[in-house]
Amino acid sequence: KLGMISYLGVPISWPDGEIFGTICVLDRKSNEYSELYLRLLLQWRDVLQADLRSIASMQREIEQREAKIRRLVDANIIGIVIWNVEGQILDANNEFLRIVGYDQHDLLSGRVSWADMTPPEWRDRNALTISKLKNKQAVQPFEKEYIRKDGSRVPVLVGVASLEGTEGQGIAFVLDLTERKRSETEARESERRFRNMQMELAHANRLATLGQLAASITHEVKQPITAALLNTQTAQRFLTRQQPDVERAKKAIDRAVLNGMRVSEVVDRTHALVRKEPVRKDRLEINEAISGVIGLTTRTPAPQKCRSRS
């Protein structure tokens, strides 16, 4: 049909060995092709078949990768979304639709929009993410919220990436954080109850300690009251003499005032113990206290002058 007289060709096969054509040279006149022609045809044939094997290998890899991605999408372990910068969701798996409360009919009708599902306080974060993707910058996974179809909010962890070879499209992986947030809330509530129990236990211990120290507190109160009474009586005696000793009476009254302040201090500390107030800490000169105790334990009665009458 082509009017060719001379022909030299070699078969070409697919990577699986099936022959689908030839690579050849044709001539309209008689031609005795040399060995060189044949070697060139074989070389071209080998190059072509090597390219076909490479293309077939890449195609298998792409199909395997797509199959793995499809299994991940269909497994519905996490939500997976194909989106564009206009705010539309082009495709999504059932897990994502479950998270946001929509269904396939809503998706196919175009009623599912990530822009509309984003609360106002998260829109600046979305704009920053889009800007980073446009500038080929990495975007770390971040937490946000979606507004579900029923108006409630759902906390999620989102990881996004742009899709190579597409204009303004990307993929997002969405993890529902509802259970984790609930667990965190329950943990905080348990911790709060534990702290309250600790406080109640500490208060019970305080009351128990108060009961155990009742006798000591009574002594602490009674002692300065008795001293104040004695100092007041002493002041009365100094003032009722024929020649009142005002100076010594004043000193006795000053001692009575100090005794009253001591009573007030004991009462205030007792009230603080009952009212769960923080423990009060005062400085104590331990050397003076030790010296006072040593003085009390080592003091001997002062010698008194005695007269003997017969």
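Just so you know, residue 1 is the first one in the sequence shown, and it goes up from there.
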TODO: Apply the test salt bridge (charged side-chain N to carboxylate O under 4.0 Å, His left out) to residues Arg98 and Glu95: give CA-CA distance (whole Å), side-chain angles for both, the deciding distance (0.1 Å), then the verdict.
DONE: CA-CA 5 Å; Arg98 182 200 65 79; Glu95 173 61 12; 2.8 Å; yes
Task: From CG (Leu229) to OG1 (Thr234), nearest 0.5 Å - done: 9.0 Å
- [ ] Please list, chain by chain and in numerical order, all residues satisfying side chain to side chain donor-acceptor pair (under 3.5 Å) with Gln236, sequence neighbours excluded.
- [x] none
Open item on the list: Are Ile130 and Val156 linked, directly or through intermediate hydrophobic residues, by side-chain heavy-atom contacts shorter than 4.5 Å (ILVMFWY only)?
Closed with: yes
Task: Joint cluster assignment, Leu42 & Leu26, ILVMFWY side-chain distance < 4.5 Å - done: no
Open item on the list: Within the 4.5 Å heavy-atom criterion, are Thr178 and Pro155 side-chain neighbours or not?
Closed with: yes
Task: Interatomic distance, Glu184 atom CD to Glu191 atom CD [nearest 0.5 angstrom] - done: 12.0 Å
Task: For Arg193, all residues meeting salt bridge (Lys or Arg N to Asp or Glu O under 4.0 Å), sequence neighbours excluded - done: Glu189
TODO: Pick out which of Glu145, Met117, Arg148 makes a side-chain contact (heavy atoms from CB on, under 4.5 Å) with Val154.
DONE: Arg148
- [ ] Determine whether Val158 and Leu133 fall in the same hydrophobic cluster, where Ile, Leu, Val, Met, Phe, Trp and Tyr are linked whenever their side-chain heavy atoms lie under 4.5 Å apart.
- [x] yes
Open item on the list: My understanding is that only residues two or more places apart in sequence, or in another chain, count here; which of them pass side chain to side chain donor-acceptor pair (under 3.5 Å) with Ser113?
Closed with: none
Open item on the list: Is it true that, when you exclude Lys149 itself, more than 12 heavy atoms of the residues, nucleotides or ligands shown sit nearer than 6.0 Å to its NZ?
Closed with: yes
Open item on the list: How close do Ile253 and Ala235 get, counting heavy atoms only, and between which atoms?
Closed with: CG1-CB, 3.6 Å
Task: With sequence neighbours excluded, residues passing side chain to side chain donor-acceptor pair (under 3.5 Å) with Lys181 - done: Glu143
- [ ] Treating Ile, Leu, Val, Met, Phe, Trp and Tyr as nodes and any side-chain heavy-atom pair under 4.5 angstrom as an edge, say whether Ile82 and Val100 lie in one connected cluster.
- [x] no
Task: Distance-only side-chain donor-acceptor flag, Thr185 / Arg188, under 3.5 Å - done: yes
Open item on the list: Working to the nearest 0.5 angstrom, can you tell me the gap between Leu52 CG and Trp14 CH2?
Closed with: 6.0 Å
Task: Inter-residue atom distance Thr232.OG1 - Arg237.CZ, 0.5 Å rounding - done: 11.0 Å
Task: Fellow cluster residues of Leu128, listed by chain then number, with links counted only when side-chain atoms sit under 4.5 Å apart - done: none
Open item on the list: I'd like to know if the side chain of Asp106 and the backbone of Asp103 have a donor-acceptor N/O pair within less than 3.5 Å.
Closed with: yes
Open item on the list: Does Leu107 form a side-chain contact (heavy atoms from CB on, under 4.5 Å) with Gln104? I'd like the steps, not just the answer.
Closed with: CA-CA 5 Å; Leu107 179 64; Gln104 285 290 340; 3.7 Å; yes
- [ ] For Ser152, enumerate each residue passing the side chain to side chain donor-acceptor pair (under 3.5 Å) test, keeping only those at least two apart in sequence or located in another chain.
- [x] Asp150
Open item on the list: For a quick test of reading the model, state the closest non-hydrogen atom pair linking Ala56 to Pro15 and the distance between them.
Closed with: CB-CG, 3.7 Å
Task: Tyr102 reachable from Leu175 in the ILVMFWY side-chain graph, under 4.5 Å edges - done: no
Task: Sequence neighbours excluded - side-chain hydrogen bond (donor to acceptor under 3.5 Å, both in side chains) pairs with any residue from residues 114-134 - done: Thr118-Asn126, Thr118-Lys144, Glu121-Arg153, Arg125-Thr129, Asn126-Lys144
Task: CD1 on Ile89 to CZ on Arg111, rounded to 0.5 Å - done: 13.5 Å
Open item on the list: Side-chain heavy atoms under 4.5 Å apart, restricted to Ile/Leu/Val/Met/Phe/Trp/Tyr: what other residues fall into the cluster of Phe194, or is it alone?
Closed with: none
TODO: With sequence neighbours excluded, give me every ring pair (Phe, Tyr, Trp, His ring centres under 6.0 Å) pair touching residues 229-261.
DONE: none
TODO: Output all residues satisfying side chain to side chain contact (heavy atoms under 4.5 Å, CB included) with Ile23, sequence neighbours left out; order by chain, then residue number.
DONE: Val10, Ile12, Leu41, Trp44, Arg45
TODO: Taking the side chain as every heavy atom from C-beta outward, state whether Ile80 and Phe96 have any atom pair closer than 4.5 Å.
DONE: no
Task: Sequence-distant partners of Leu36, side chain to side chain contact (heavy atoms under 4.5 Å, CB included), two or more places apart - done: Ser34, Arg39, Leu40
Open item on the list: Please report the interatomic distance CD1(Ile171) to CG(Leu90), rounded to the nearest 0.5 Å.
Closed with: 11.5 Å
- [ ] Please identify each residue that fulfils salt bridge (Lys or Arg N to Asp or Glu O under 4.0 Å) with Arg53, with sequence neighbours left out.
- [x] none
Open item on the list: For Tyr37, is the OH atom crowded, meaning more than 12 foreign heavy atoms sit under 6.0 Å from it?
Closed with: no
